[in-house]
Amino acid sequence: MPTEGQKKLLEELKNSLTRALPEGRITSGDYARTGCHLEVRLSDVGMRRVAAVMKDKRFHLETITAVDFPGSFELIYLYSTYYDDICRVIAHIQILKDASPHTVSAIYPGAIWLEREIYDFFGIRFLDHPDLRRILNPDNADYFPLLKTFGKTKLTEEIDDILC
Amino acid sequence: MLNIKTIDDASINERVYQLNLGPQHPSTHGVLHLLLKLDGEVVIAADPIVGYSHRGHEKMAENRIWEQFLPNTSRIDYLSGLIYNQGYCMAVEKLCGIEVPERAEYIRVITSELNRISSHLLGIMAFVMDIGAFTPFLYGWDDREHVLDLLERVTGSRLTYCYNRFGGVRNDIDQEFCDGTRRFIDRLRGRFKDYHNLITENIIFIKRTRGVGIITEETALEFGVTGPSLRGSGVNYDVRKNEPYSVYPEFDFEIPVRKEGDVMARYQVRMAEMEQSMNIIEQALDNLPEGPVRSHVPRFIDPPAGDIYFAFESARGAVGYYIVSDGTRVPYRIKVRTPSFSNLFVLTRVLPGNFIADAIATLGSIDVVVPEIDR
Amino acid sequence: MRSLSGLKEYIKEILTGSKSLVIGMGITFKRLFMPIVTVQYPRRKLTMTPNFRGHIEAIYFDDTKSHHCVACGLCVRTCPSHVIKVQGEKEKAGGRKYGQKYYIDFTKCSLCGLCVDVCPEKTLTFSHEFELAYLSRWDGVIDIMRRLEAVTK
Amino acid sequence: MNITQLPFIKEIYGFLGHDLTATVTGILIILVFVPLNSAFLVWVERKVAGHIQLRPGPMEVGPHGILQTLIDAVKLMSKEMITPKLADKFLFWLAPIIIIIPAIVCFVVIPFSPLMQVREMNVGILLIFSFSSITVLSILMGGWASNNKYALIGAVRAVAQNVAYEIPLLLSTMSIIIMTNSFKMSEITAAQSPVWFIVYQPVAAIIFFISTTAETNRAPFDLVEAESELVSGFHTEYTGMRFALFFLAEYTNMFIAASMGAVLFFGGWHGPFFPGLIWFVVKVYILIFVIIWVRWTFPRLRFDQLMNFAWKFMIPVALINLMITAIVLKVL
């Protein structure tokens with residue numbers, strides 16, 4: 001039951017995003033199941049262009065996170081708006097394991113610490129980041145905890161064979 | 001108010017005085033290390049250093065089955081444990097398409113709103129103690145005991161509840177809980193008059209909070225600030241109203257918003273928000289439907305593959321679970337978007353130019369829970 | 001003229017300010033004579049509500065004069081912090097197993113209640129024990145079967 | 001057979017002469033009275049604070065926790081007196097001693113009752129003011145010497161605060177002294193027999209009490225040892241008996257401030273039918289109760305507001321009050 005404001009906003013967003021990201025696949029997500037109104041899928045870097053479009057539509061950067069898939073990392077950028085016709089945009093950006101994407105902290109200063117957390121957990125280094133260092137783990141830690149290869153404890157094998 | 005000296009001013013550099021506020025400090029509400037660069041009493045730069053209570057909830061999520069992550073959720077933000085429980089259960093229910101009976105939804109809303117009141121009580125009174133008034137802290141503590149007793153009667157524990165399950169709640173609420181809640185709400189309304197006389201109208205409190213630590217709407221947008229800190233700056237954003245979930249659409253309550261964006265505005269927003277929570281509880285208690293409290297759910301659930309982002313409103317702001325499931329019994333990735341993470345780092349923009357006392361007041365007014373940042 | 005209104009405003013602020021100070025003191029003075037709300041713990045102990053969650057314990061059933069645990073191990077696998085160890089034997093070769101030892105280390109237990117929910121025989125419940133401080137970590141490991149026998153004897 | 005004829009005391013009395021023995025015994029009584037009184041005040045503060053916050057306060061040791069402060073003193077004595085590594089050893093050791101000396105000396109001139117006054121000096125009030133300004137010196141010494149950033153900020157604040165609040169204190173007392181034109185404490189109390197000075201000088205009384213609260217670093221002006229900002233200000237690094245001395249000095253200063261208030265504005269030992277001493281002690285403890293009551297009600301002022309409040313409000317009002325009193329006295 002999206003309101004007209006939402007529909008209008010979605011249309012505007014879709015047009016400006018397709019103009020800014022010709023190579024991206026922009027589909028309107030099914031809010032009931034995935035919680036996002038608009039999905040942008042990019043195979044390569046383009047997060048600054050997405051951020052620029054979002055910034056002048058007065059969206060705020062809800063969070064940046066990453067998921068460690070076997071072949072590649074997937075960076076997730078979530079934008080949503082404060083104002084009445086709520087709309088959430090999710091940008092999935094597939095990057096290679098050793099790629100180093102560009103930081104968006106020039107557009108959203110809040111992203112400095114979000115990107116530091118992703119570096120801390122996944123080891124993804126962001127280009128031109130003001131001070132890229134670990135945020136949660138001890139500074140001399142040499143591991144990246146949220147990688148799937150880290151810490152495959154005996155526990156997880158145990159669970160796999162019993163329950164699955 | 002003060003002529004803010006820029007950090008790279010040459011004359012400043014040899015007078016810069018580095019002070020470690022924390023990690024063990026009476027007013028950082030948890031293990032937060034705020035590295036302040038001072039020129040005399042004026043803060044020039046603030047660099048929050050976090051990670052002291054990092055337990056790796058997200059890594060734990062990848063080593064446990066879906067049910068076993070339940071106790072973790074209420075330990076991410078221990079002050080609004082029930083709200084996080086409800087959020088996680090609703091996210092997984094939305095992913096698997098599990099139906100939740102009407103009565104369970106109402107009980108979840110009642111217990112979450114009670115939890116929000118207890119969290120606001122502690123947040124406000126700890127903030128007032130940072131300003132220097134000890135006595136209101138203990139009055140707030142006394143009220144909070146009543147909420148904890150009520151929730152102990154229903155859920156069995158006082159702080160880290162694990163009360164919600166997939167498909168509903170663990171056990172039903174009895175009539176004594178409903179009467180106890182109504183008595184508590186009348187008692188708290190009576191005490192609000194005392195709090196306003198003792199704190200809000202107090203000339204010293206007004207002088208310490210009016211026009212201090214102003215967060216503009218623009219800064220809030222850039223840093224992704226949400227919750228009472230945002231509503232204090234004039235933006236009417238509350239997930240319960242903007243993205244209604246559970247049975248919130250059936251209650252009419254309005255969102256308190258203030259324009260000034262200073263410490264006093266955030267304090268007043270929290271006080272007004274408690275009154276709104278009380279309205280919600282009363283309306284929920286009045287038309288509490290009958291019926292089961294838990295729909296039949298298999299013992300170990302297997303959600304379909306896919307990803308979901310579910311946002312809900314905790315006492316500190318908009319929380320979000322981003323869950324990636326690959327169809328097995330163990331979640332592939334759970335990212336918890338916590339409001340305190342974005343709210344805290346606004347300090348790097350807001351603190352420069354204030355006194356130390358204002359820095360403490362601003363930190364208290366943002367009501368940061370540090371384990372929520374460190375996850 | 002502006003300074004005069006500024007002065008008048010300043011005086012008015014002082015007056016309202018001091019009035020609010022006096023009201024504040026009035027409230028605390030009233031509180032001085034209100035009854036005390038705190039409970040002196042060692043002298044007076046509170047009774048826990050029926051739903052209170054202490055560490056888990058077995059329920060006494062009349063038909064078996066003891067518990068119903070069949071040592072199926074479901075609770076062992078569901079527990080997020082791996083706190084439970086169960087051991088059981090069969091009286092007769094093909095018959096039902098019967099739980100002999102049921103160790104829990106409640107210093108690591110997060111009181112989530114998953115074991116109580118998942119138990120097929122519904123023989124687990126929460127005790128009302130809240131004084132869980134012991135001298136050594138190993139005192140935290142208790143056998144709830146012995147505890148049941150001690151209680152029921 | 002008055003006391004001086006007893007065998008043992010006779011020699012001392014003969015050796016020292018009347019005046020000196022009176023002073024020596026007075027000082028001995030004070031040396032006993034000061035620790036006992038501040039121990040009692042600590043207990044009173046914790047009880048009043050407790051009951052204001054709906055809790056009973058100390059109850060464990062003795063009936064209603066009366067021995068609590070005694071046990072605290074024993075605990076503090078048994079605690080190790082740690083000196084920080086890079087601290088300035090000599091100043092660090094000296095600071096607590098210097099804070100105690102003025103606290104005890106000020107008792108010499110306080111008229112507890114017509115007969116009970118250690119020594120009547122014609123510079124009575126002046127002596128108390130001059131000695132009480134030494135405590136700032138020791139606070140600065142303690143703050144600087146303990147090589148701790150919080151302590152240094154606390155010490156610097158203490159100096160600015162005491163300098164700012166010394167002036168309104170003196171001005172408000174001056175308006176009393178013009179009326180009695182004598183510094184003698186007993187003469188000031190004597191002049192108040194018919195009507196207490198608070199009736200003539202209500203404004204001076206308010207300014208006096210506000211500035212004594214600030215002088216003794218008590219809330220809402222306790223920026224020197226602000227728990228939530230400076231951990232505990234200048235005595236952060238002090239442990240054991242040194243911390244006890246700072247604590248003792250704080251409560252003794254509070255007693256001195258209250259007794260000066262009682263003498264200047266509430267007519268010292270004047271009172272209808274009870275003996276003088278009872279009246280004096282009752283008035284002082286009522287004033288102390290007010291100081292404690294204020295502490296547990298109000299939040300803390302910010303540092304620049306503290307300064308503005310002193311320089312922009314208290315001092316002008318005190319000056320105007322002094323001028324009016326002078327004009328009125330001239331006219332009468």
Side-chain angles (χ1 to χ4, degrees), chain B residues 60-61 63-65 67-75 85 133-136 138-139 141-143 145-146 149-163 165 170-174 176-177 180 191 193-207 294 297 299-300, chain C residues 10 12-32 34-39 46-56 72 74-83 108-120 125-130 132:
Chain B
M60 273 195 250
N63 291 334
R64 290 159 180 244
I65 57 175
E67 287 79 6
Q68 287 177 332
F69 190 65
L70 270 170
N72 287 56
T73 52
S74 58
R75 282 162 172 79
N85 258 342
F134 289 96
T135 327
L138 286 146
Y139 296 159
W141 208 259
D142 171 28
D143 295 337
E145 274 310 306
H146 289 269
D149 290 347
L150 283 172
L151 287 175
E152 182 194 324
R153 165 171 299 285
V154 167
T155 63
S157 47
R158 295 171 71 85
L159 199 65
T160 53
Y161 318 92
C162 197
Y163 177 56
R165 291 290 186 276
R170 200 163 164 272
N171 47 19
D172 203 339
I173 58 175
D174 50 11
E176 188 157 335
F177 169 79
R191 298 204 49 154
K193 196 169 39 54
D194 277 354
Y195 288 147
H196 284 305
N197 284 339
L198 191 59
I199 307 171
T200 321
E201 270 109 28
N202 190 315
I203 182 76
I204 299 175
F205 183 77
I206 291 172
K207 275 210 167 337
R294 190 166 178 204
V297 170
R299 186 166 287 150
F300 302 115
Chain C
Y10 184 64
K12 199 167 62 59
E13 190 200 4
I14 295 288
L15 290 182
T16 51
S18 39
K19 188 167 76 67
S20 74
L21 293 183
V22 169
I23 294 169
M25 288 178 78
I27 290 174
T28 38
F29 194 75
K30 246 190 345 223
R31 284 284 154 65
L32 203 54
M34 280 194 187
I36 288 167
V37 292
T38 53
V39 168
L46 287 174
T47 57
M48 292 297 123
T49 53
N51 273 343
F52 180 74
R53 291 191 202 165
H55 58 73
I56 57 172
C72 62
L74 254 181
C75 52
V76 176
R77 288 196 302 250
T78 321
C79 175
S81 7
H82 308 289
V83 152
K108 296 189 186 60
C109 165
S110 62
L111 294 171
C112 57
L114 290 176
C115 50
V116 173
D117 295 351
V118 86
C119 178
T125 179
F126 281 99
S127 68
H128 286 188
E129 198 71 45
F130 62 91
L132 300 172

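Lettering of chains follows the sequences in order, A, B, ..., and the numbering in each one begins at 1. In this text the structure is predicted, and so the values were computed from the model without any measurement.
With a 4.5 Å cut-off on side-chain heavy atoms, B/Asp194 and B/Tyr139 do not count as touching. The shortest distance between side-chain heavy atoms of C/Val116 and B/Arg170 falls below 4.5 Å. A 4.5 Å side-chain heavy-atom check between C/Lys19 and B/Glu201 finds every atom pair outside the cut-off. Side-chain contact between B/Thr200 and B/Phe205: absent, with no pair of heavy atoms (C-beta onward) separated by less than 4.5 Å.
Contact of B/Arg299 with chain C is made through the side chain alone, with heavy-atom distances under 4.5 Å. Of the two parts of C/Leu74, only the side chain, counted from C-beta on, holds a non-hydrogen atom closer than 4.5 Å to a non-hydrogen atom of chain B. Neither the backbone nor the side chain of B/Phe69 has a heavy atom closer than 4.5 Å to any heavy atom of chain C. With a 4.5 Å cut-off on non-hydrogen atoms, B/Asn197 touches chain C through its backbone and its side chain both. Neither the backbone nor the side chain of B/Asn72 comes within contact range of chain C; no heavy atom of the residue lies under 4.5 Å from a heavy atom of that chain.
Checked by atom type and distance alone, the side chain of B/Gln68 pairs as donor or acceptor with a backbone atom of C/Arg77 at under 3.5 Å. With C/Ser127 contributing its side chain and C/His55 its backbone, the two residues share a donor-acceptor pair below 3.5 Å. With C/Ser20 contributing its side chain and B/Ile203 its backbone, the two residues share a donor-acceptor pair below 3.5 Å.
Each of B/Arg165, B/Glu145, B/Lys207 has some count of heavy-atom pairs under 4.5 Å with chain C, and the biggest count is that of B/Arg165. Among C/Gly54, C/Cys79, C/Ser18, C/Pro50, the residue with the largest count of heavy-atom pairs under 4.5 Å with chain B is C/Cys79. Each of B/Ser157, B/Ser74, B/Pro71, B/Cys162 has some count of heavy-atom pairs under 4.5 Å with chain C, and the biggest count is that of B/Cys162. With chain B as the partner, the residue from C/Thr38, C/Leu111, C/Thr78 showing the most heavy-atom pairs under 4.5 Å is C/Thr78. Listed options B/Leu70, B/Thr155, B/Ile199 were ranked by heavy-atom pairs under 4.5 angstrom with chain C; first place goes to B/Thr155. When C/Leu46, C/Leu114, C/Val37 are compared by the number of non-hydrogen pairs under 4.5 Å with chain B, C/Leu114 comes out ahead.
A cation-pi arrangement is present between C/Arg53 and C/Phe126 under the rule of less than 6.0 angstrom and at most 45 degrees off the ring axis.
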